[in-house]
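Presented below is the structure to which this report refers.
Predicted model only: the values in this text are computed from it and were never measured. Chain identifiers are assigned alphabetically (A, B, ...) following the order of the sequence lines, protein sequences preceding nucleic acid strands; residue numbering begins at 1 within each chain.
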Protein chains: 2
Amino acid sequence: MATIFDVARRADVSVATVSRVINHPGKVTEKTRQKVNTAMEACGYVYNALAMGLSTKRSRTIGIVIPNIINPIFSESTRGIQDYASEKGYHVILVNTDYLYEKEKRLVNLLREKQVEGLVLTTNKPGGEVVHGLIKDEFPFVLIYSHPKHPGVAFVGVDNIQGGFRATELLISLKHRRIGMIALDFSLSDRSYQRWLGYRRSLKKNGLPYDPGLVVQTEYAFEKGEKAVELLMGLPHPPTAIFCSNDILALGAMKGFKEIGKRIPEEISIVGFDDIAFSKFVAPPLTSIHQPAYEMGWKATEILFELLSKIPVQASRHRILLDTELAVRQSCAPFFKKKVKN
Amino acid sequence: MATIFDVARRADVSVATVSRVINHPGKVTEKTRQKVNTAMEACGYVYNALAMGLSTKRSRTIGIVIPNIINPIFSESTRGIQDYASEKGYHVILVNTDYLYEKEKRLVNLLREKQVEGLVLTTNKPGGEVVHGLIKDEFPFVLIYSHPKHPGVAFVGVDNIQGGFRATELLISLKHRRIGMIALDFSLSDRSYQRWLGYRRSLKKNGLPYDPGLVVQTEYAFEKGEKAVELLMGLPHPPTAIFCSNDILALGAMKGFKEIGKRIPEEISIVGFDDIAFSKFVAPPLTSIHQPAYEMGWKATEILFELLSKIPVQASRHRILLDTELAVRQSCAPFFKKKVKN
DNA sequence: CTCCTATATGAAAACGTTTACATCTTATAG
DNA sequence: CTATAAGATGTAAACGTTTTCATATAGGAG
C-alpha cells in the first residue's frame, strides 16, 4: 500500500506537504497541490485513518451500544445516531448486548480499546458499574432509553414510568379491572421495570389491587409474548386487558390470542410500548406508547458532540425528556362484564 | 491516558514484555505476568487498538454497507454479520447508502481509509465502479443480495429472478390476468430489477402480455407504496393483483388499498418480497418471498474470513445461492371476473 | 537593489503498539 | 563446575500519520 511517503517522493515534496494538501489545501500553492494530487492518483494512494487517529488521538469514530439491532426501536435510533455522526464526518461502531450485562461490560471495554471518542449507550443497568467506570474515567457518553441514576450524566429518552402509567390509565378508563402485564424481565431491562412502576402507579391511583400473578416477566422475542399468553389465560381469573412492555411482545401476544381464538379487542385489549412502524399495520392496528426513536438517537449524538467539543454545556442541556404519545388504534375496547349463562 | 510505557515503567519491565503479557501470556513467567497485570490495574491502562492496527496492519474491523438499517431485511443480515465477526474478535463499522450510488462510493472509500480488513457489501450496482475498484485493488469483500456481474466475486444471496418468477406464478395460478408490480426504482436497486425480470418471465411463459403501465417504480418507503396504489387504481384497466419488490412497499400498498376501501384479498391480491418478520402479523398476513437474511449475513462473513485468511478457497465456495421460499399467507385469493351490471 | 514580511515548504519528533533480533538467566547435561 | 541450550526479557525499528519549528522563497516597499 502506498503511503504518504511514496506520494511525497513521487511528487518531489515532503510528507508534511502531502499531509497539508489532504488537511489544509489552502495552505499549499495551486501548483504543488496539483503535483501531489496527480501523484496520489498515480500510486493509488488511500489515506490511513488509523495512523491519523494515533497521531491526533481522535479516531473520528463513536460507539453505539444497544440490546439488539433487529428491534426496530433500536434500529431507528441507530439510524438517528449514524445520520448525525456522519454529518460530522464520524463513523460508528455498533454492538449488540442482547440484554446481557456481562456482554455490555465486555463490549464497552472493547469499544474503548478501539479508541471511540464517545459512546451512545443503551444500558440495562443505568446504576451499574459500566456507567460508573465511564464516569470515573470522564469518558464522554450519553445514555438513551434508560435514565441515569447518577447526576450529571447526559441523557435522552422518554419517561417510562409515565408511559406505563398512561397505557394502564387507558385500559382502566375502558373499564378493565383485571389488567395483566407482559414485561421484559426486570433483571434484563431497567426500562421494563420503569414501565411496570407506571403500571402499578396507575393501578394504585384507581384503587385497583396489584396482583403479581398477572405480570409475567420474559425474554425478548415474539414467541415469548405468545407463551406468556398461555400462562396468563391459564389463570383462574385471567386478565381482560394486557399491557406489554414492548411492541414485539405485544405482537407475539396478539398472535397467541388469535391462536386460542380470542378476538382482539372484543375479548381482550392490548397495548404495547415503542410504537414501532409496523404496529400500524398489524391486525388490529396496535395501540401503543410512541417513542420518538430516531429523534432520540439524533439528539443524543448532538449532545455527545457537545461533550466532545469540551465547550462547557450547562447540565440542563444534558437531560432531554421527549414526550411519549399514546397512539390509539384498534387493539383496545371497553370491557363489558360477560353474561354468565347457566 | 496510560500507555504500555507507563505500565512497563511501573512494573519495571520493558514494553515488549508488557505487549507479551497482553498477546502471548504463555511467553512470560507467572511472576512478571502478575507484576504487569497489577501495574495495568494501577494505572488504569486501556489498550490502544488503533496503535495495534497500525503496527500489525490488521484493524480487526470489517465494514458493512447496506441501503438502510431500518429495513428489517438488512438489520437481520447485519446481525448475522456481527455475530460471526464478533465470534472472531472483530468489530463492525456500519454505513447506510439509502440506495444512493454516490453515497455508496463515498462510504466504501471512507471505510477503506478506516482500514477495515474487508467488506460485506450490498451494492445497488453490482457491475459498477465500486465493485470494479475493489477487484482491481484485490480488496477482500463479499457481496450480499445483489449478484456479482464479475467472475470470481464472492457472493451470498438468493435468486431474485426466480423469486420474482415464483411470486408472479402464484398470482397467475390464482387466475389473475392483470398483474401489477410496485418496484423499487431499477436505477436504485439491481435486485428490484431482477425481480421484475422474473415477473416478466412468468408473464411471458403464461402467454400474458406485458403492460409497462402496470409497473410503477418508486422509492423505498411505506408511503411510496401507498402512493403507487393510487396511480395503479387510477388506470382504465387496473390490476387485480400486485407483486411488490419488497415488503415495505407491500405493507404501504396494503394500507393504500384499505384506505380506498378495497378488500384484501377478495378484491385485490398482494405478494411481497423479503418476508420480514412483521409480515406475519399484518392484516391480512402477507404472502411473501422469504429470504434467509440472518443466514446470508452469517455465511457472507464466514466467506469473508476465509478470504482474509488467504487460504486459497475454491471459487465454488464463493458463490452461495440460498433458497427463497414462497411463504403463502392470506393476502392472495383467486380472481373471479366481476359481474358487470348496467 | 536591499530589506522585510508573508507565505510555502521541509525536517523530525511524536502517537502507542508489535516484533525481529540481541542479550541475559536459568536449568540441565556432562 | 562448566558448557550449552532453552527460555525470559530487553532494545530499537517500524507502522503512517500530524504538527511544531525552522528554513527557504517570493513579493513589495523603500
So do the side chains of A:Ile135 and A:Val131 get within less than 4.5 Å of each other, counting heavy atoms only?
yes

Pairwise side-chain contact, A:Leu94 with B:Gln82, heavy-atom cut-off 4.5 Å (strictly under):
yes

Select base, sugar-phosphate, or nothing to describe what A:Ser19 touches, counting heavy atoms under 4.0 Å on all strands.
base

Tell me every residue that passes ring-ring contact (aromatic ring centres under 6.0 Å, His included) with A:Tyr47, counting only those two or more places apart in sequence or in another chain.
none

Tell me, yes or no, whether the heavy-atom count around A:Asp137 atom CG, taken from other residues, nucleotides or ligands under 6.0 Å, exceeds 12.
yes

Approximate separation, where rounding is to 0.5 Å, of B:Arg33 CZ and B:Thr17 OG1:
12.5 Å

Grab the CZ-C1' distance between B:Arg20 and D:dT11 for me, whole Å please.
11 Å

Please name the residue in the list B:Leu121, B:Thr301, B:Leu304, B:Leu119 that meets the side chain to side chain contact (heavy atoms under 4.5 Å, CB included) test with B:Val142.
B:Leu304

If you measure from CE on B:Met40 to NZ on B:Lys35, what distance do you get to the nearest 0.5 Å?
13.0 Å

Ranking A:Thr29 and B:Asn23 by the position along DNA chain C of their nearest nucleotide, the one closer to 5' is A:Thr29

Just the rounded figure in Å: distance from P of D:dT17 to CD of B:Glu113.
10 Å

Is the NZ atom of B:Lys27 crowded by more than 12 outside heavy atoms at less than 6.0 Å?
no

Five pairs per end, C1' atoms only: what is the angle between the end axes of the helix from C:dC1-D:dG30 to C:dG30-D:dC1, to 10 degrees?
40°

Distance-only donor-acceptor hits, side chain of residues 63-73 of chain B, under 3.5 Å, sequence neighbours excluded:
from	atom 1	to	atom 2	distance (Å)
B:Asn68	OD1	A:Arg79	NH1	3.0
B:Asn68	OD1	B:Ile70	N	3.0
B:Asn71	OD1	B:Ile73	N	3.0
B:Asn71	ND2	B:Tyr220	OH	2.9

Check the distance between D:dA8's P and B:His24's NE2 and give it to me in whole angstrom.
13 Å

Can you check the A:Arg58 CZ to D:dT19 P distance for me, whole Å?
11 Å

Do any side-chain nitrogens or oxygens of A:Ser55 fall under 4.0 Å of OP1 or OP2 in D:dT19?
no

Main-chain N/O of A:Gly157 paired with A:His147 side-chain donor or acceptor, under 3.5 Å:
no

Between CD of B:Glu102 and OG1 of B:Thr97, what distance do you get to the nearest 0.5 Å?
11.5 Å

Output the residues of residues 42-52 of chain A in contact with DNA chain C, where contact means a heavy atom of the residue under 4.0 Å from an atom of the strand; sort by number or write none.
none

Chain A reaches DNA chain C, atoms under 4.0 Å from its heavy atoms, from C:dA8 to C:dG16

Over how many whole Å does the gap from A:Ile22 atom CD1 to D:dT19 atom P extend?
12 Å

B:Glu104 and B:Thr123 side chains, donor-acceptor separation under 3.5 Å:
yes

What is the ring orientation for B:Tyr84 with B:Phe305, classed by angle as parallel under 30°, tilted 30 to 60°, or perpendicular over 60°?
tilted

Which of residues 2-15 of chain A sit near DNA chain D, with a heavy atom under 4.0 Å from it?
A:Thr3, A:Ile4, A:Phe5

Distance check needed: D:dT19 P versus A:Lys57 NZ, whole Å only.
13 Å

Taking the side chain as every heavy atom from C-beta outward, state whether A:Val158 and A:Tyr145 have any atom pair closer than 4.5 Å.
no

